[in-house]
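Data block below; observations after.
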Amino acid sequence: MTDSLFTPLRLRGTEIPNRVMVSPMCQYSAEDGFATEWHRVHLGSRAVGGAGVVMAEATAVSPTGRISPGDLGIWSADRADALSNTVEFVREQGAIPGIQLAHAGRKASVERPWDGGGPIPEEAGGWETLAPSANPYPHPEGDTVPTRAMTRDDLDRVTAQFRLAAERARDAGFGIAEIHLAHGYLLHEFLSPVTNDRDDEYGGSFENRARFPLEVVEAVREVWPDDQPVFARISATDWLPDRPSWDLDDSARLAPLLAEAGADLIDVSSGGIHPDQRVPESGPGYQVPYAERVNEATDAAVGAVGGITTAEQADQLIRNGRADLAVVGREHLRNPYFTLEAAHELGVDVDWPKQYERGRFR
Ligand code: FNR
């Protein structure tokens, strides 16, 4: 039988009740890395809204791995604890709580978007950023923050930080760990020749550039429970065809290696490595063809993200076998009840929260 948006997805021992995932979206509302009431209400509402997976935003594995001072952090046990009541609430609604583990690399130390989003110099509370090579991100605002090329010790330290972060996320009750290898942040910076000029075993060839990201995936998989899935979010292309860069062929090559390293689902996004990127289109389902290509290249499950805004579109994506999971970002900012409404539109009978039962029929 053909799978549809409301066919459960089984990954390892975990059953995701439907094929909708709330895409990880930074809320810039943490205090010194600690989750606040905002996170509980934001993630909780989307679980009430019926999504199968509620993925918490990019959560930094170390203080320097934060994009902005408002990012969530999981570099200490008390920061993980601050997320555990949210996790419990999300599970009570029947959704699987996920967390995106992230390091912002050379794109760290910037203001929250509503404060301008520009780089924060060290003297104003910013911090030195880490990257494969010492080339700072060329912020469109003109300023930069110093970027240090990671030493061998730094690599080991960051791998250990990802491992520890995964242990803490596991202990806080999360059911899925998603590793952020996309959008120009640290692990993507290793993959892409745009940002990786290293001449050691972590730079140069495809195998060398993929080495550190794959080590991180393996480290997370080692501590993540066997019956729970690990997701990996990638940028399928840098959108920089005129220079040596990461492209769709590279992603198709990387996908089976990610699966071998322990990723059960590849979440296929794109872009973010350099402001010169030329994004050709951003209409409905604009990244779905990339997910399809990655799907052909690996036995792992695949998530499609980008411009998925309607029930029909999400359902077709699954029915046509283009992806296994419909990952919905901004539409979830507009409508936390996307999944419940999708069920109604598609004529599928799903349980509603009992508190909301009387609102069910229009
Ligand atoms: C994002 N996005 C994002 N991606 C990611 O991997 N980690 C993150 O923390 C964030 N943060 C974030 C915040 C906000 C406010 C937005 C709008 C987006 C990207 C997001 O997950 C998604 O991939 C894109 O928005 C494209 O999907 P939609 O919005 O077209 O469904």
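In listed order, ligands and their atoms are each counted from 1. Predicted model only: the values in this text are computed from it and were never measured.
- The closest side-chain heavy-atom distance from His188 to Leu181 is not below 4.5 Å.
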Tabulated below should be the N or O atoms of ligand 1 paired with protein N or O atoms at under 3.5 Å; can you produce that?
from, atom 1, to, atom 2, distance (Å)
ligand 1, 4 (N), Pro24, O, 3.4
ligand 1, 4 (N), Arg233, NH1, 3.2
ligand 1, 6 (O), Gln100, OE1, 3.4
ligand 1, 6 (O), Gln100, NE2, 2.9
ligand 1, 6 (O), His180, NE2, 3.3
ligand 1, 6 (O), Arg233, NH1, 3.0
ligand 1, 7 (N), Gln100, OE1, 2.7
ligand 1, 9 (O), Cys26, N, 3.3
ligand 1, 9 (O), Ala58, N, 3.1
ligand 1, 11 (N), Cys26, N, 2.9
ligand 1, 21 (O), Ser23, OG, 2.7
ligand 1, 21 (O), Pro24, O, 2.8
ligand 1, 21 (O), Arg233, NH1, 3.1
ligand 1, 23 (O), Arg233, NH1, 3.1
ligand 1, 29 (O), Arg330, N, 2.7
ligand 1, 29 (O), Arg330, NE, 2.7
ligand 1, 30 (O), Gly307, N, 2.7
ligand 1, 30 (O), Arg330, NE, 3.4
ligand 1, 30 (O), Arg330, NH2, 2.6
ligand 1, 31 (O), Gly329, N, 2.8

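- Between Tyr286 and Trp239, the ring planes lie parallel to each other; the angle is under 30°, not in the 30° to 60° tilted range.
- Remark: aromatic rings of Phe206 and Trp246 are close, center separation under 6.0 Å.
- A donor-acceptor contact shorter than 3.5 Å links the side chain of Gln287 to the backbone of Ser270.
- In this view, Ser109 satisfies the side-chain hydrogen bond (donor to acceptor under 3.5 Å, both in side chains) rule with no residue, not counting sequence neighbours.
- Leu83 contributes atom CG, which lies 11.5 Å from atom CZ of Arg40 (distance to the nearest 0.5 angstrom).
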